[in-house]
Amino acid sequence: MFRFMRKALVTLGFAAAGLAAAGSANATLVVGRFDPSFGGALQGVNFSGTVTFNISQNCLDLGLPTGAFIWRSYNCGGSSSAMQFLGADVHFSGAQNGDVHFAGQPANPFIVLGMYVQNGHVTGVQTSGLIPAAQSTLPGNPFFNIYFGVDPSTLTLEDFFENQPPAHNGDGDGDLDDLSAASFQQTHLVLLTGCRSDCTSNGATTSYVPEPGSLALVISALGVAGLAGRKRRGVTTL
């Protein structure tokens, strides 16, 4: 019960941070949920969690029926994309139990590199490797990093500074905008403490849900926390 209340409060904090950062109703909070097994160095350990991003509503209103990758630096409809990482919260279960919280970095423009948008909804997110490492409550308190989308180590400098419209999608130059939506639906945890091999988790498919509005954001975020709490009392592996 205490753990669920803590999860709810943390998620509520994400929602509040998103509202404060947006500054108006012209922004959408996007909540992603993931639930894989870690594997590798933490064989038998499962993890589930939520991540919260922000994006300008203008980016969702571009009208992209087939979907396209939108760079964070692209001005959607004459305004900033307002893409922000507002935090992630992960719970471990199985062979080991614990939690890890990744603090939001709304002021860092290089955390979110872009989002895949289709039919007015975010279906995938690409982050850089700049999300600060966080210490977990697992035995030994190991540190973790987290990223969403493809492995940041494979990205080029151009991927950090590209500023092309969605129509640039699929031009074959090898940039992020040539990848499919599924490429941006992966979540990976990286074990940083005392790990020599298989330190990166199995890929977790992440479902992103838009949560427009103000009060609705808070209610929905608490609802996600409630589902996560109930799920942890059941089977957590996919």
Side-chain angles (χ1 to χ4, degrees), residues 9-24 26-34 49-60 69-77 79-90 99-117 122-136 143-164 166 175-177 179 183-193 200-201 204 206 208-211 217 221:
L9 289 174
V10 169
T11 312
L12 174 60
F14 288 169
L19 293 175
S24 72
N26 193 34
T28 297
L29 198 71
V30 180
V31 177
R33 298 186 64 237
F34 46 92
T50 59
V51 59
T52 310
F53 296 99
N54 195 59
I55 183 174
S56 169
Q57 183 63 40
N58 292 325
C59 295
L60 302 182
F69 184 81
I70 299 178
W71 300 94
R72 61 157 183 84
S73 51
Y74 179 62
N75 293 329
C76 303
S79 68
S80 169
S81 68
M83 295 181 188
Q84 299 170 318
F85 169 66
L86 301 182
D89 197 38
V90 177
D99 300 276
V100 61
H101 168 64
F102 297 91
Q105 298 283 315
N108 189 333
F110 297 111
I111 293 291
V112 182
L113 298 184
M115 298 185 182
Y116 199 95
V117 173
V122 172
T123 61
V125 178
Q126 179 63 51
T127 61
S128 67
L130 300 178
I131 296 176
Q135 190 171 22
S136 71
F143 280 82
F144 287 85
N145 208 333
I146 193 169
Y147 65 86
F148 302 87
V150 301
D151 186 347
S153 67
T154 65
L155 304 180
T156 66
L157 188 62
E158 184 179 6
D159 289 322
F160 283 79
F161 297 98
E162 188 71 79
N163 185 23
Q164 298 289 341
D175 289 341
L176 284 172
D177 52 20
L179 301 179
S183 301
F184 308 110
Q185 295 169 351
Q186 297 295 305
T187 294
H188 287 277
L189 280 174
V190 183
L191 177 60
L192 301 177
T193 304
T200 302
S201 70
T206 306
Y208 292 98
V209 181
E211 305 287 354
L217 293 178

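All residue numbers in this chain count up from 1 along the given sequence.
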Worksheet item: Which atoms form the tightest heavy-atom contact between Ala134 and Val100, and what is the distance?
Response: CB-CG2, 3.7 Å
Discussion item. Working to the nearest 0.5 angstrom, can you tell me the gap between Leu155 CG and Leu176 CG?
Written reply: 5.5 Å
Discussion item. Please give me the minimum heavy-atom distance between Ser73 and Ser81, naming the atom from each residue.
Written reply: N-OG, 4.5 Å
Response to the item:
In terms of heavy-atom contacts, Leu29 and Asn54 come closest through N-OD1, 4.1 Å
Discussion item. Is the ring pair Phe53/Phe148 parallel, tilted or perpendicular, if the boundaries are 30 and 60 degrees?
Written reply: perpendicular
Discussion item. I'd like to know if the side chain of Thr127 and the backbone of Tyr147 have a donor-acceptor N/O pair within less than 3.5 Å.
Written reply: no
Discussion item. Would you compute the distance between atom OH of Tyr208 and atom CZ of Phe184 and round it to the nearest 0.5 angstrom?
Written reply: 11.0 Å
Worksheet item: Do Ser128 side-chain atoms and Phe110 backbone N/O form a donor-acceptor pair below 3.5 Å?
Response: yes
Worksheet, complete the sentence: CD1 (Ile111) and CZ (Arg72) are apart, to the nearest 0.5 Å, by 10.5 Å
Fill in: pair Val125-Val51: side-chain heavy atoms closer than 4.5 Å
no
Worksheet item: At their closest point, which heavy atom of Pro106 faces which heavy atom of Gln84, and how far apart are they?
Response: O-NE2, 3.3 Å
Worksheet, complete the sentence: In terms of heavy-atom contacts, Ile131 and Asn145 come closest through O-OD1, 2.9 Å
Worksheet item: Do Thr50 and Arg33 have side chains that get closer than 4.5 Å, going by heavy atoms?
Response: yes
Worksheet entry | Nearest-0.5 Å distance that lies between atom CE in Met115 and atom OG in Ser56 | 10.5 Å
Item to complete: Indicate yes or no: at least one non-hydrogen side-chain atom of Leu191 is less than 4.5 angstrom from one of Phe144.
Response: yes
Worksheet item: Distance-only, no hydrogens or angles: does the Gln126 side chain make a donor-acceptor pair with backbone N or O of Val150 under 3.5 Å?
Response: yes
Item to complete: Kindly say whether Ser201 contributes a backbone atom to a donor-acceptor pair with the side chain of His188 at under 3.5 angstrom?
Response: yes
Discussion item. Are Leu179 and Phe69 packed together at the side-chain level, in the sense that at least one heavy-atom pair is separated by less than 4.5 angstrom?
Written reply: no
Fill in: Proximity of Phe102 and Phe85 rings by center, below 6.0 Å
no
Practice prompt. For Asp151 and Thr200, run side-chain contact (heavy atoms from CB on, under 4.5 Å): C-alpha distance rounded to whole Å, both residues' side-chain angles, the deciding distance at 0.1 Å, then the answer.
Written response: CA-CA 10 Å; Asp151 186 347; Thr200 302; over 6 Å; no
Worksheet item: What's the verdict on side-chain contact (heavy atoms from CB on, under 4.5 Å) for Ile70 and Met83, showing C-alpha distance, side-chain angles and the deciding distance?
Response: CA-CA 10 Å; Ile70 299 178; Met83 295 181 188; 3.8 Å; yes
Worksheet entry | Minimal non-hydrogen separation, Cys76 against Asn58, with atom names | O-CB, 3.3 Å
